[in-house]
Amino acid sequence: MADKTVADDLAGVGDVAGGFGGRAIASGRRLDPRQWTSDEPILGLTREAGYLWGTVRDSENGDIFSVMRRIPPAGVSGIAGTQSSMSNKLVVLSTIGGSGTMDIRREAKGAALSDALSRAAVDNGVRFHAPAGADSRALDLVLTTDSLTYSEEQLADVNGRLAVPGLQWFLTAGGASTLYLTQTWRVSGRLLGRPVDGFLFWEEPFMKPGARLYVDQEPLHEVGYTTWYSWANEYDDGEIEVGHFLFGGNDFHVGVISSSVHGVRSVGSMSAAITRAEDGYWHAGLEYDLDGEAWVAEPDPRGRMQLGPIPNPQQEAQIRRRDETREIRTWMAWGETVPATDTPRAI
């Protein structure tokens, strides 16, 4: 029998070139309004879409409202939604009606289609706009490095200030790559006629040309991700924290937190354990360890989003340090778990 070589000893060690074992990079980011209005690639990746989304609560009775709008790149239109992704229509979910869950609201039916929006630069930001038409209502969205104003005729009228420094994370795996840019505003106003306050995000995944978030050339699938939560808390001492917690197979994890007081922290080690509800589909809570600090995600009893039989059920929750002593005055945590891949793992 021939002697073993170094190559034999190292066979199966590590990932293929450019893979990095599913490891992600996360950091803070300086906001550049020119990036919002440019279609130039970043790291050779192009904008898959822009996503306006977030959760607010009725400031009088606590009803929950979640909104999401996918705005495709200029010149891209007519993309239909799938079981795993969004179309060009506004989605509004709420606990209004007392069903005990978050249900899709029909009031959004006449809203402008996202591929009909114009985009223009404004001072320190970008404006998306659609005039009122025979079959749709007017929309005006202005994002700047300081503020957000968002109105949808007969639906929404909210505004607010940038809450924390912007964030970004990057993952490459299996020949697919995503650079995910995100920033958050603390907002208040009216939604479906109700007084609300909470948080809205503007996020842009940059992917390989032709890729689509959750659908085609998606590195999250390559690393077998188990959960993705984005969250925001405003505490009674005035601090705001915003975070993104993702976890999965191989060495994949993102644990990045942006604070209005302490800046940005990206963790080195992380674990995430998911407790399933009795039906095995929804989750009953998550436990995280971030560099030795215990965090929890506690699902809102009314927070199950009724979006059909999707592989990554969406739930509203509250994410906090396990030993947090401050009162959390305003919060949101919109996220998902993937029942098919949620084997616990620590790295």
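Note: Trp334 and Phe201 fail the aromatic proximity criterion, with ring centroids not under 6.0 Å apart. Outside the 6.0 Å centre-distance limit, the rings of Phe252 and Phe247 are not counted as a close aromatic pair. Here the two rings, on Trp228 and Trp169, have centers that are under 6.0 Å apart. For Trp36 and Phe128, the distance between ring centers is not under 6.0 angstrom. Ring to ring, Phe245 and Trp231 are close: their centroids are under 6.0 angstrom apart.
A heavy-atom distance below 4.5 Å is not found between the side chains of Met102 and Val92. Here the side chains of Asp197 and Val158 are not in contact, with every heavy-atom distance at 4.5 Å or above. Between Val242 and Ile257, every side-chain heavy-atom pair lies at or beyond the 4.5 Å cut-off. Between Asp103 and Ile96 there is no side-chain heavy-atom pair separated by less than 4.5 Å. Between Trp53 and Ser230, some side-chain heavy-atom pair lies under the 4.5 Å cut-off. Two residues are said to be in side-chain contact when any heavy atoms from C-beta on lie closer than 4.5 Å; Arg29 and Gln183 meet this criterion. At a threshold of 4.5 Å between non-hydrogen side-chain atoms, the residues Thr227 and Leu246 do not count as touching. Contact of the Ser266 side chain with the Ser27 side chain is not registered, since no non-hydrogen atoms from C-beta on lie closer than 4.5 Å.
Scanning both residues, Ile319 and Trp295, for their nearest heavy atoms gives CG2-CE3, 3.8 Å. Taking both residues in full, the closest heavy atoms of Pro205 and Thr178 are given as CB-CG2, 4.2 Å, listed atom of the first, atom of the second, then distance. Contact detail for Gly22 and Val223: the closest heavy-atom pair is CA-CG1, 3.7 Å. Looking at every heavy atom in both residues, Pro165 comes nearest to Ser259 through CD-O, 3.6 Å. When every heavy atom of Ile310 is checked against every heavy atom of Tyr281, the shortest pair comes out as O-OH, 2.7 Å. Thr144 and Asp123 make their closest contact through CG2-O, 3.9 Å (heavy atoms, listed as atom of the first residue, atom of the second, distance).
In summary, Arg304 and Glu316 do not engage in a salt bridge, as defined by a charged side-chain N under 4.0 Å from a carboxylate O. A salt bridge does not link Asp236 to Arg329: none of the charged nitrogens lies less than 4.0 Å from a carboxylate oxygen. With respect to Glu287 and Arg322, a salt bridge is recorded, a charged nitrogen being found less than 4.0 Å from a carboxylate O. No salt bridge links Asp63 with Arg57; every basic N to acidic carboxylate O contact stays at or beyond 4.0 Å. Taking the charged nitrogens against the carboxylate oxygens, Glu234 and Arg186 do have a contact shorter than 4.0 Å, which makes a salt bridge. Between Arg321 and Glu241, at least one side-chain nitrogen of the basic residue sits less than 4.0 Å from a carboxylate oxygen of the acidic one, meeting the salt-bridge criterion.
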| task | Kindly determine whether Tyr225 and Glu218 satisfy side chain to side chain donor-acceptor pair (under 3.5 Å), including the steps that lead there. | result | CA-CA 11 Å; Tyr225 86 106; Glu218 170 57 86; over 6 Å; no
| message | For a side-chain contact (heavy atoms from CB on, under 4.5 Å) check, start with the C-alpha distance between Arg194 and Phe65, then their side-chain angles and the critical distance, and finish with the verdict. | response | CA-CA 10 Å; Arg194 305 288 193 94; Phe65 302 81; 3.7 Å; yes
| request: Kindly determine whether Val142 and His129 satisfy side-chain contact (heavy atoms from CB on, under 4.5 Å), including the steps that lead there. | output: CA-CA 9 Å; Val142 179; His129 177 73; over 6 Å; no
| request: Determine, stepwise, if the pair Asp39 / Arg119 fulfils side-chain contact (heavy atoms from CB on, under 4.5 Å). | output: CA-CA 11 Å; Asp39 295 313; Arg119 182 188 68 180; 3.0 Å; yes
| Taking it one step at a time, do Asp140 and Arg127 satisfy salt bridge (charged side-chain N to carboxylate O under 4.0 Å, His left out)? | CA-CA 7 Å; Asp140 202 60; Arg127 181 192 186 202; 2.6 Å; yes
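Linking Ile, Leu, Val, Met, Phe, Trp and Tyr residues whenever their side-chain heavy atoms come within less than 4.5 Å places Leu155 and Leu117 in a single cluster. Linking ILVMFWY side-chain heavy atoms closer than 4.5 Å, directly or via other members, places Leu141 and Tyr51 in two distinct hydrophobic clusters.
Here the side chain of Ser114 pairs a donor or acceptor atom with the backbone of Arg70 at under 3.5 angstrom.
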